[in-house]
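So that the names make sense, note that chain A is the first sequence line, chain B the second, and so on, each numbered from 1. Quick caveat: nothing in here was measured; it's all calculated off a predicted structure. Every heavy atom of this structure was used, including side-chain atoms; hydrogens, water molecules and symmetry mates were not.
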Amino acid sequence: MAVKKQDPSNFIEHVINKDLEENKNDGRVHTRFPPEPNGYIHIGHAKSICLNFGIAENYQGLCNLRFDDTNPSKEDVEYVDSIKEDVRWLGYDWDDRLYYASDYFDRLYDYAGQLIRKGLAYVDDLSPDEIREYRGTLTEPGKESPYRSRSAEENALLFEKMKAGEYKDGSKVLRAKIDMASGNLNMRDPVLYRIQRGTHHRSGDKWCIYPMYDFAHPISDALEGITHSICTLEFEDHRPLYNWIVENIDIEGDSRPKQIEFARLNLSHTVMSKRKLRQLVEEGHVRGWNDPRMPTVSGLRRRGYTPESVKDFCERIGVAKGNSMVDLALLEHCIRQDLNNNAPRVMTVLRPLKIVFENYPEGQVEMLEAENNPEKPETGSRQIPFSKEIYIEKDDFLEEPPKKFFRLAPGREVRLKHAYIIKCKEVIKDEQTGEILELRCTYDPETKSGTNATVRKVKGTLHWVSASHAIDAEVRLYNHLFVKENPEEQGADFKDNLNPDSLEILPACKVESSLKKAAVSSRYQFLRKGYFCVDPDTTEEKLVFNRIVSLKDTWAKLQKNK
RNA sequence: UGGGGUGUAGCCAAGCGGUAAGGCACUGGGUUUUGGUCCCAGCAUGCGUAGGUUCAAAUCCUGCCACCUCAGCCA
């Protein structure tokens, strides 16, 4: 028995509360997530998954996973496997309620027979082109097919022969007999079954006729006892048809599922249709469905997003009926918040610049204590080596520092995180190119972190790694996949807006040695840089990191606004 | 031009006749050995628009405007 929610958080929960008050569905709440296995799911699907499974959780109801696999020409087990993995990764469980529309093919066929006997469906011999012509237009009514008035007996026989494979693909269809003059085109005798030979990923070659979505979906819902069938806005004008099917078919039990539509998710700086995502994959603009730049669930996972952050995002964006475009910055906020609390900190240098300490003894190494996560003191600390030669970040040094630049410059002092205050004495350059090769600095032994002498304040603190102890790594920086907020605006080819700098590979980074055995998929905060995740491309010889998201950077913002 | 929807801040989004929640973004300030985090403050005399009803309207009524969506034997 479902429990009414006290604080309905969107219009769908209001509807459900009302149904519960009115004692509909014996007090049950039962939803379903019904993907077609014809591609990898993306964050828009995640919104639907969180909605459907979330409602089941909120109301102590149930949510099924059902594959809507009524079109063998487009579907494949590869996709059903990936979808199951992705739903599980998000943290949802369908228990024993994994269904396939194809499981219902026999019953669907029988229900079609029921409609035929009631005189509510007929076999039509019109060609696809003719059906389109007869359908009329948005403003003019359609006209009835000459085959519309066949007897129930004849229709039953014809439909049986369709099933038996006696007709060519596309030569006949089964249509509902509704209203060719309806203002809603979906009600102008919609096609219920088509002849389409092709091996189905589950039923094999058993069938040569397949039910259409509009016929299979409401019946599947009813058979599973779904109470609230949640779908996206473009199905709004299919609702009368959905109801027509449910009302004209005698389903065992008394289930009257209700279709409710909400607005699909649009995210800025990316695209969200399977067709376009497929195009990016097939034309090689990305490295696959799980490329870390893709908004697919598998892409987000490889990028390093946590399921918690994705679910948090789905909750924050809300559920409504107005088309909207959510700012990618909100997704980034969600993962930053999660990882700020949970990711261990490490020091890495992405673009190394060497520093030699003139006053540090040759060959000496000392171990310094570094906290693992200031947000979680209980995670303790580790020891990191300090020595005569270290690397700092190239852009943490400027020969001619502008105002408000708090980092290193000739004659200036900064603190090295967890270590000492240092001073820049000399800049060594390539005589030919003028390129800065290394810095000569001194360190102040009185200023070791954690000692009393640390009362001395300097404006800037830099991260660093000991040159001889650091290990090499490749770091992949990701930026927006598209340069425009809405890549598909005004009919422009979305691919023209692809960001040429969406992937930046830094092959020669220096990372602290504690990362040596970092497990694939583990996440870290690279101090002052961002959150990073070990990519599966990592091998014994080569560490590879993905940047999940940068840290907020007010200095960079200042520069940009100038 | 027919049917179905939607208009609340730069972006999402609550609100359901009693005088505009919250989040993101943005802007100031404080703390800080991460220019991170955290904290504080600011950010719609206004709810597409014009009328009407009411003591009282984002909420109810009427007209208008804008945008989305539908003419697959896809889902």
Side-chain angles (χ1 to χ4, degrees), chain A residues 9-10 14 34-36 38 68-71 73-75 124 126-128 131-133 135-142 169-175 181-188 190-196 209-210 212-214 216-217 231-240 261 263 265 268 274 315-334 336-337 340-341 345 347 371 374-375 404-407 414-419 421 447 449-450 454 457-463 485 525-530 550-558:
Chain A
S9 49
N10 58 55
H14 277 108
E36 182 188 17
N38 68 343
D68 219 330
D69 54 350
T70 56
N71 186 352
S73 69
K74 295 188 172 178
E75 297 150 7
D124 196 352
L126 254 28
S127 71
I131 287 184
R132 190 181 321 117
E133 283 167 32
R135 185 151 36 223
T137 69
L138 294 178
T139 51
E140 306 155 29
D169 282 17
S171 61
K172 282 182 169 50
V173 290
L174 182 72
R175 291 230 251 170
S182 172
N184 180 347
L185 305 219
N186 293 115
M187 299 300 270
R188 322 243 261 228
V191 171
L192 266 23
Y193 263 92
R194 76 282 211 184
I195 304 172
Q196 185 182 108
I209 58 172
Y210 289 93
M212 300 289 290
Y213 166 88
D214 283 315
H217 206 90
C231 63
T232 43
L233 251 27
E234 66 272 27
F235 292 101
E236 210 151 18
D237 36 357
H238 292 236
R239 192 179 345 128
E261 312 84 12
L265 169 66
S268 70
K274 278 187 196 169
E315 265 176 39
R316 286 171 185 252
I317 56 178
V319 178
K321 295 199 69 162
N323 288 309
S324 62
M325 160 101 50
V326 175
D327 194 334
L328 190 61
L330 181 58
L331 216 211
E332 298 183 336
H333 167 81
C334 292
R336 281 196 190 102
Q337 184 175 276
N340 176 55
N341 291 323
R345 310 276 119 151
M347 292 207 287
E371 64 190 347
E375 305 293 328
K404 291 191 176 172
F405 183 82
F406 305 146
R407 283 110 97 144
V414 294
R415 169 166 289 283
L416 293 181
K417 180 81 176 172
H418 303 131
I421 291 177
T447 58
S449 282
T454 59
K457 299 283 183 194
V458 287
K459 201 78 167 133
T461 301
L462 308 187
H463 60 279
E485 200 169 283
Q525 184 193 106
F526 289 4
L527 220 66
R528 298 211 303 136
K529 284 279 137 190
S550 67
L551 245 35
K552 284 213 267 179
D553 188 343
T554 54
W555 170 244
K557 192 189 289 177
L558 259 172

With a 4.0 Å cut-off on heavy atoms, is [X] in touch with a base, just the backbone sugar-phosphate, or nothing at all?
X       : value
G170(A) : base
M325(A) : sugar-phosphate
I131(A) : base
V191(A) : sugar-phosphate
E375(A) : base
P374(A) : base
Y193(A) : nothing
L126(A) : base
H238(A) : base
L527(A) : base
R345(A) : base
V319(A) : sugar-phosphate
R407(A) : base
F526(A) : nothing

Which pair of heavy atoms, one from [X] and one from [Y], lies closest together, and at what distance?
X       : Y       : result
E36(A)  : D68(A)  : CG-O, 3.4 Å
K74(A)  : N38(A)  : O-CB, 3.4 Å
P128(A) : G170(A) : CD-O, 4.0 Å

Length of the line joining [X]:[atom1] and [N]:[atom2], which is rounded to integer Å:
X       : N      : atom1 : atom2 : result
L233(A) : U6(B)  : CG    : C1'   : 8 Å
L265(A) : A13(B) : CG    : P     : 10 Å
E485(A) : G10(B) : CD    : P     : 13 Å
F406(A) : U32(B) : CZ    : C1'   : 13 Å
N340(A) : C24(B) : CG    : P     : 13 Å
L328(A) : G10(B) : CG    : C1'   : 16 Å
D327(A) : C26(B) : CG    : C1'   : 11 Å
E371(A) : U37(B) : CD    : P     : 16 Å

Say you pick atom [atom1] in [N] and the same atom in [M]; how far apart are they, in whole Å?
N      : M      : atom1 : value
U45(B) : G5(B)  : C1'   : 31 Å
C68(B) : G36(B) : C1'   : 41 Å
U8(B)  : C16(B) : C1'   : 14 Å
U69(B) : A58(B) : C1'   : 25 Å
U31(B) : A66(B) : C1'   : 48 Å
U37(B) : U49(B) : C1'   : 45 Å
G17(B) : G22(B) : C1'   : 23 Å
C26(B) : A44(B) : C1'   : 15 Å

Distance below 4.0 Å between [X] side-chain N/O and [N] OP1 or OP2:
X       : N      : answer
K552(A) : U37(B) : yes
K172(A) : C73(B) : no
Q196(A) : C74(B) : yes
R336(A) : U37(B) : no
R316(A) : C11(B) : no
R135(A) : C73(B) : yes
R194(A) : C74(B) : yes
T70(A)  : A75(B) : yes
K557(A) : U27(B) : yes
T554(A) : G36(B) : yes
H418(A) : U34(B) : no

Identity of whatever pairs with [N] - Watson-Crick or G-U, under 3.5 angstrom:
N      : result
C16(B) : none
C73(B) : none
G42(B) : C26(B)
C67(B) : G5(B)

Under 3.5 Å, side chain of [X] to main-chain N/O of [Y], donor-acceptor pair present?
X       : Y       : value
T232(A) : E234(A) : no
N184(A) : D237(A) : yes
R336(A) : S550(A) : yes

(message) If we count only N and O atoms by modelled type, under 3.5 Å, do the side chains of T461(A) and R528(A) hold a donor and an acceptor together?
(response) no

(message) For G136(A) and S324(A), find the nucleotide of RNA chain B closest to each by heavy atoms; which residue's nucleotide sits nearer the 5' end?
(response) S324(A)

(request) Between N186(A) and D214(A), name the one whose nearest nucleotide on RNA chain B is closer to the 5' end. (result) N186(A)

Selection from [options] that lies nearest to any side-chain heavy atom of [X]:
X       : options               : value
T139(A) : C73(B), G2(B), G35(B) : G2(B)
A329(A) : C24(B), G3(B), A75(B) : C24(B)
K321(A) : U6(B), U34(B), A71(B) : U6(B)
L330(A) : C24(B), U33(B), G5(B) : C24(B)

(request) Please test M212(A) against V173(A) for side-chain contact (heavy atoms from CB on, under 4.5 Å), starting from the C-alpha separation and ending with a verdict. (result) CA-CA 10 Å; M212(A) 300 289 290; V173(A) 290; over 6 Å; no

(message) Is the base of A75(B) stacked against the aromatic ring of Y213(A), taking ring centres under 5.5 Å apart and planes under 30° as the test?
(response) no

(message) By the rule that syn is within 90° of 0, classify the base conformation of G72(B) as syn or anti.
(response) syn

(message) Between I195(A) and S171(A), is there a side-chain heavy-atom distance shorter than 4.5 Å?
(response) yes

(message) Taking K321(A) first and then E236(A), would you say they form a salt bridge - that is, a charged N and a carboxylate O separated by under 4.0 Å?
(response) yes

